[in-house]
Amino acid sequence: MIAVYGAGGIGCYVGGRLAATGTPVTFVGRPRMAAELATHGLHLTDYLGADLRVADVPFETTPAGAADADLVLVTVKSAATESAAEELADVLSPGTVVVSFQNGVRNGETLRSRLTEQVVVTGMVPFNVLNRGAGVFHQGTEGALDVQRDAALAPYLKAFEQAGLPLAQHDDILPVQWAKLLLNLNNPINALSNLPLRDELSQRAYRRCLAAAQAETLGLLDAAGIRPAQLLAVPMHRFPAVLRLPDFLFRRLASKVLAVDPLARTSMWEDLEAGRTTEIDYLNGEVVRLAETLGRTAPVNARLVELIRAAETDRRSWSGPDLLRELS
């Protein structure tokens with residue numbers, strides 16, 4: 001049995017795809033989500049036209065719901081990783097496989113430091129999932145699930161493949177995590193724009209904001225000796241130049257660079273809309289931390305952290321030119 005621990009947008013979507021294709025899955029999360037899925041079930045769609053439903057959703061609201069799992073997918077927000085590790089340590093059997101499917105680059109280490117008798121595997125979800133309410137979760141961008149290569153995953157590979165979410169295994173997951181984080185640097189820009197992803201990325205001023213954040217990060221990664229993996233058709237070190245292109249040129253390249261449908265939004269936008277604390281400290285804040293370890297600064301990413309912190313208490317929408325001026 002597979003347990004999804006922290007059943008929000010990513011957890012419900014990934015676990016739902018598994019459940020819809022015949023894999024036993026138990027979801028563990030908040031009572032609000034339990035009530036929503038009890039009423040509506042799960043309805044899973046994606047930008048390629050997938051349309052799957054799960055009528056009866058096994059859902060638990062306490063850590064004990066994961067106790068009998070052979071595989072646990074941890075999808076809690078990064079700030080909750082430490083408490084999730086403590087809770088799981090009390091209920092999981094030795095040898096249980098635990099996969100971190102979370103943003104950021106340090107969650108696997110956090111889980112591993114507490115779950116010493118379990119097999120902890122670092123993973124990464126490259127695509128966006130929009131929670132549309134009433135049990136509907138939509139994958140709006142492309143990408144497969146990425147994981148650190150581990151023999152303990154072998155019994156589950158077929159189930160993920162059948163679910164349409166094959167596990168891409170990597171000998172070194174850190175370059176993949178940083179590549180995803182480079183893409184996720186757009187999360188605060190999208191959230192501050194208050195626009196769907198495709199609409200935001202169609203405007204050069206917003207793209208120049210992202211290019212500035214990425215270029216700053218790439219310089220720090222180079223100094224740290226970390227070369228991010230290539231997740232898209234364009235190598236990550238060339239991506240800022242693509243983002244800076246005029247709109248008409250970017251539109252011609254966009255379909256080859258990144259598949260984004262009109263419904264796609266970022267989880268950070270969802271958090272601001274719901275009045276929740278965001279994961280900004282584990283995205284752009286991670287870049288600021290890297291800069292500090294190198295004795296450098298990251299002013300663009302640091303300012304994005306400040307703007308999101310302000311938006312958590314005083315929501316406003318930024319135009320592309322206004323945001324670009326703020327970051328320049």
Side-chain angles (χ1 to χ4, degrees), residues 8-10 13 32 47 77-79 103-104 126-134 136-141 180-217 239-240 242-251 254 257-288 298-328:
I10 291 295
Y13 183 79
R32 178 193 61 79
Y47 69 103
K77 295 289 188 180
S78 296
N103 285 327
F127 49 77
N128 289 89
V129 173
L130 175 64
N131 180 354
R132 302 184 68 190
V136 181
F137 296 88
H138 178 77
Q139 177 186 342
T141 57
K180 172 64 185 309
L181 195 146
L182 280 162
L183 297 178
N184 276 347
L185 295 180
N186 187 52
N187 283 20
I189 298 165
N190 176 255
L192 293 168
S193 77
N194 202 20
L195 294 172
L197 266 172
R198 195 164 74 174
D199 292 347
E200 174 232 326
L201 290 171
S202 71
Q203 299 182 39
R204 189 185 186 202
Y206 288 124
R207 295 198 309 275
R208 288 178 63 191
C209 294
L210 175 56
Q214 287 186 345
E216 182 176 85
T217 305
F239 207 67
V242 173
L243 292 168
R244 295 188 188 105
L245 290 172
D247 288 338
F248 77 96
L249 285 176
F250 182 80
R251 282 195 295 270
V257 173
L258 181 65
V260 181
D261 77 12
L263 293 176
R265 298 268 194 171
T266 64
S267 59
M268 193 168 293
W269 174 84
E270 285 190 47
D271 287 339
L272 289 184
E273 287 294 293
R276 296 189 294 257
T277 301
T278 70
E279 290 189 293
I280 191 67
D281 285 343
Y282 300 89
L283 298 175
N284 303 73
E286 196 67 57
V287 178
V288 176
V300 174
N301 284 282
R303 185 59 181 144
L304 283 168
V305 172
E306 292 171 354
L307 292 175
I308 289 295
R309 283 282 170 253
E312 288 175 351
T313 56
D314 184 16
R315 186 83 162 99
R316 63 165 284 191
S317 299
W318 289 75
S319 71
D322 284 348
L323 185 58
L324 184 59
R325 281 191 291 270
E326 189 72 20
L327 300 179
S328 296

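From a predicted model like this one, the values you see are computed outputs, not experimental measurements.
Here the CG-SG distance, from N190 to C209, works out to 12.0 Å after rounding to the nearest 0.5 Å. Of the inter-residue distances, the one linking T217 atom OG1 with L182 atom CG reads 5.5 Å to the nearest 0.5 angstrom. The CG atom of N184 sits 5.5 Å away from atom CG of L283, with the distance rounded to the nearest 0.5 Å. Here CD of E279 is found 4.5 Å from NZ of K77. Values are rounded to the nearest 0.5 Å. For the atom pair CG (N186) and CG (L192), the distance works out to 10.0 Å, reported to the nearest 0.5 Å.
Here salt bridge (charged side-chain N to carboxylate O under 4.0 Å, His left out) pairs that include residues 196-216, with residues two or more places apart or in two chains, are R207-D247.
The side-chain hydrogen bond (donor to acceptor under 3.5 Å, both in side chains) test applied to R315 returns N194, E273, not counting sequence neighbours. With sequence neighbours excluded, the residues satisfying side-chain hydrogen bond (donor to acceptor under 3.5 Å, both in side chains) with T278 are E312. When the salt bridge (charged side-chain N to carboxylate O under 4.0 Å, His left out) test is applied to R316, no partner is found at least two apart in sequence or on another chain. When the side chain to side chain contact (heavy atoms under 4.5 Å, CB included) test is applied to N284, the partners found at least two apart in sequence or on another chain are L185, P188, I280, N301, L304, V305. In terms of the ring pair (Phe, Tyr, Trp, His ring centres under 6.0 Å) criterion, residue partners of Y13 (sequence neighbours excluded) are, by chain and number, F127. Scored by the side-chain hydrogen bond (donor to acceptor under 3.5 Å, both in side chains) test, S319 finds D322 as partners (sequence neighbours excluded). By the side chain to side chain contact (heavy atoms under 4.5 Å, CB included) test, R303 is found to be paired with E306, L307, E326, L327, residues two or more places apart in sequence or in another chain being considered. Every residue meeting the side chain to side chain contact (heavy atoms under 4.5 Å, CB included) condition with A264, not counting sequence neighbours, appears here in chain and number order: T141, L197, V260, D261. Every residue two or more places apart in sequence or in another chain that forms a side chain to side chain contact (heavy atoms under 4.5 Å, CB included) with R276 is listed here: E270, D271, A274. With sequence neighbours left out, S193 forms a side-chain hydrogen bond (donor to acceptor under 3.5 Å, both in side chains) with no residue at all.
Here the shortest heavy-atom pairing between L324 and S328 reads O-OG, 2.6 Å. Taking all atoms of both residues into account, the shortest heavy-atom contact from A191 to L272 is CB-CD1, 3.7 Å. For the pair P240 and A215, the tightest heavy-atom approach, listed with the atom from each and the gap, is CG-N, 4.1 Å. The nearest pair of heavy atoms linking A205 to G320 is CB-C, 3.4 Å.
Annotation: side chain of R309 is in contact with side chain of D281 (closest heavy-atom distance under 4.5 Å). Here the side chains of L181 and V287 are in contact, with some heavy-atom distance below 4.5 Å. Side-chain contact between L201 and Y206 is absent, with no heavy-atom pair separated by less than 4.5 Å. Using a 4.5 Å heavy-atom threshold, the side chains of L195 and Q203 count as touching. At a threshold of 4.5 Å between non-hydrogen side-chain atoms, the residues Y282 and N103 do not count as touching.
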